[in-house]
Amino acid sequence: MIPVNELIRGYNLYKDEYEAKAIEVLRSGWYVLGKEVDSFEKEFAAALGDDCYCAGVDNGLNAIRLGLEAAGIKEGDEIIVQANGYIATMLGIIQAGGKPVFVEPDEYFQLDADRIEAAITDKTRGVCLTHLYGQCTRMDKVLEICKRNNLMLFEDCAQSHFASYKGNNSGLFGDVGFFSFYPTKNLGGYGDGGGVVSRNKEIIDKVKVLRNYGSDVRYHNIEIGVNSRLDEMQAGFLRIKLKHMPELIANRNHIADRYLKGITNPNVTLPKIAEGCNHIWYQFIIRVDDQAEFREFLKENGVNTDISWKVPPYLQPCMVDKYGYKRGMFPITEAICDSIVTLPMMDVMSEEEIDKVIDTINKY
Ligand SMILES: *Cc1c(COP(=O)(O)O)cnc(C)c1O
């Protein structure tokens, strides 16, 4: 059975380096927020773009929450998000005191800029888009609309490490970018991790205070902070993986290219790549009319698939309870959820495996 993902494959690629780093950190006598975290923050920021800063945190959800808090999001502020986004984005916004306000996505699965202005109220403080599945949002219009309406712009980049638009990496288009380094992410560690990036050093400094009990210097607490620290082991692993990102992205691009050229079944709609966008293929998402039947056929023939996600965030029970959203409110999103299928995509796949996925789909 070909899995949708298998993390051990990525680990095995650079096994010796990871294992040497684990021993180095264990023997260093320093385990949380230290020189590995410091170095990772600097190296990651430098790799993303010029004049920017990074604060490492313990996961992507807390990156969102603390990044928004540091940027001044307060109780009652409305943040515009795409209705087909991930629940973690919504939870981060809510935990920062904000309220997610949904709009429909475009044909590339990204937030539809043309729908932002209709969702603005006198409480709207910002837009938080997600560069979903590894493709950067087309930023020109979003930037123009945010500027014209005096809105802050946040980017959830948990699926878009080094995905770019017109040569610029996601994460630095707006005020603050949020990253997850969860093991499945393209730049993922071997445990939890997250990061906040910004060109505004004050915001990053504030995240660094908030993540460590709100303390600016040891035993001096200036904010009601949390414990959201990144550990040295993960930062060390992430430094290794960061160096190998060009190869890892090339591997995924090769798999995606083979799928795009090889899958010819007319029942399948392949993902579209927008002009100016560099896709990093966090996930390869196709659309079919008969989602359940299609997945069953692939499974019977040895190819596992997934759906991300069958239930959109506004229809999750916790969101229905809190805000009263109902099925039918975002028909484009619901049509997406009822037709998307996640194909196998990972750090390494053999040519035989890629062939098998393509042939099985074409036989359907
Ligand atoms: C994975 C993910 C997150 C959350 O990251 P964690 O590190 O798992 O907390 C947030 N947003 C998106 C879009 C994600 O894919």
Side-chain angles (χ1 to χ4, degrees), residues 4-5 7 10 37 40 44 54-69 79-96 98 100 102-103 105 108-111 126-137 153-163 170-171 173-174 176-197 207 211 226-231 233-235 237-238 241 252 279-285 306-314 316 318-319 333 336-337 340 342 345-346:
V4 179
N5 196 355
L7 297 175
V37 171
F40 173 69
F44 184 56
C54 170
V57 295
D58 58 347
N59 57 58
L61 171 61
N62 286 336
I64 297 166
R65 177 190 165 173
L66 299 184
L68 291 171
E69 276 182 40
I79 309 282
I80 294 171
V81 295
Q82 70 232 59
N84 64 328
Y86 189 44
I87 189 71
T89 318
M90 317 315 156
L91 299 177
I93 290 168
I94 294 165
Q95 286 165 17
F102 296 98
V103 300
Y108 304 99
F109 302 118
Q110 313 304 333
L111 190 142
V127 171
C128 180
L129 48 80
T130 300
H131 307 290
L132 209 59
Y133 308 139
Q135 176 159 227
C136 200
T137 310
L153 176 60
F154 304 103
E155 295 167 75
D156 182 336
C157 305
Q159 305 191 356
S160 67
H161 314 78
F162 303 105
S170 62
F173 287 106
V176 195
F178 316 124
F179 286 86
S180 164
F181 308 121
Y182 184 73
T184 61
K185 311 297 182 181
N186 290 44
L187 175 55
Y190 294 94
D192 275 310
V196 183
V197 302
V207 172
R211 74 180 174 187
V226 296
N227 176 351
S228 188
R229 300 179 294 233
L230 182 60
D231 68 76
M233 196 81 92
Q234 295 313 319
F237 296 151
L238 290 168
K241 200 156 189 183
R252 284 179 189 247
H279 206 311
I280 59 148
W281 301 107
Y282 170 64
Q283 289 181 333
F284 194 98
I285 306 287
D306 202 354
I307 304 175
S308 51
W309 304 267
K310 186 65 192 168
V311 179
Y314 62 92
Q316 292 294 341
C318 61
M319 299 290 282
T333 295
I336 286 175
C337 293
I340 48 175
T342 313
M345 173 55 78
M346 51 201 120

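Worth saying up front: this structure is predicted, and the values here are computed from it rather than measured. Each ligand, and each atom within it, is numbered from 1 in the order the structure gives.
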Taking Q234 for its side chain and G191 for its backbone only, find out whether a donor-acceptor pair lies under 3.5 Å.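 Looks like yes, one N/O pair under 3.5 Å.
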Could you list each nitrogen or oxygen of ligand 1 that sits under 3.5 Å from a protein nitrogen or oxygen, with the atom names and the distance?
residue, atom, partner, partner atom, Å
ligand 1, 5 (O), S180, OG, 3.2
ligand 1, 7 (O), G60, N, 2.7
ligand 1, 7 (O), S180, OG, 2.7
ligand 1, 9 (O), G60, N, 3.3
ligand 1, 9 (O), L61, N, 2.9
ligand 1, 11 (N), D156, OD1, 3.4
ligand 1, 11 (N), D156, OD2, 2.7
ligand 1, 15 (O), Q159, NE2, 2.9
ligand 1, 15 (O), K185, NZ, 2.7

Any chance you could lay out the side-chain contact (heavy atoms from CB on, under 4.5 Å) test for Y314 and T333, step after step, and finish with the verdict? CA-CA 10 Å; Y314 62 92; T333 295; 4.0 Å; yes
Please determine whether side-chain contact (heavy atoms from CB on, under 4.5 Å) holds for the pair D192 and D58, giving the CA-CA distance in whole Å, both sets of side-chain angles, and the decisive distance to 0.1 Å. CA-CA 6 Å; D192 275 310; D58 58 347; 5.7 Å; no
Using side-chain contact (heavy atoms from CB on, under 4.5 Å), reason through K241 and Y190 one step at a time and then give a plain yes or no. CA-CA 11 Å; K241 200 156 189 183; Y190 294 94; 4.1 Å; yes
Residue that, paired with W281, satisfies side-chain contact (heavy atoms from CB on, under 4.5 Å) out of Q135, M345, Q159: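 The residue from Q135, M345, Q159 that satisfies side-chain contact (heavy atoms from CB on, under 4.5 Å) with W281 turns out to be M345.
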Using atom types as modelled, flag every donor-acceptor pair under 3.5 Å from a side chain in residues 176-185 to any protein atom, sequence neighbours excluded.
residue, atom, partner, partner atom, Å
S180, OG, Y182, N, 3.1
T184, OG1, Y282, OH, 3.4

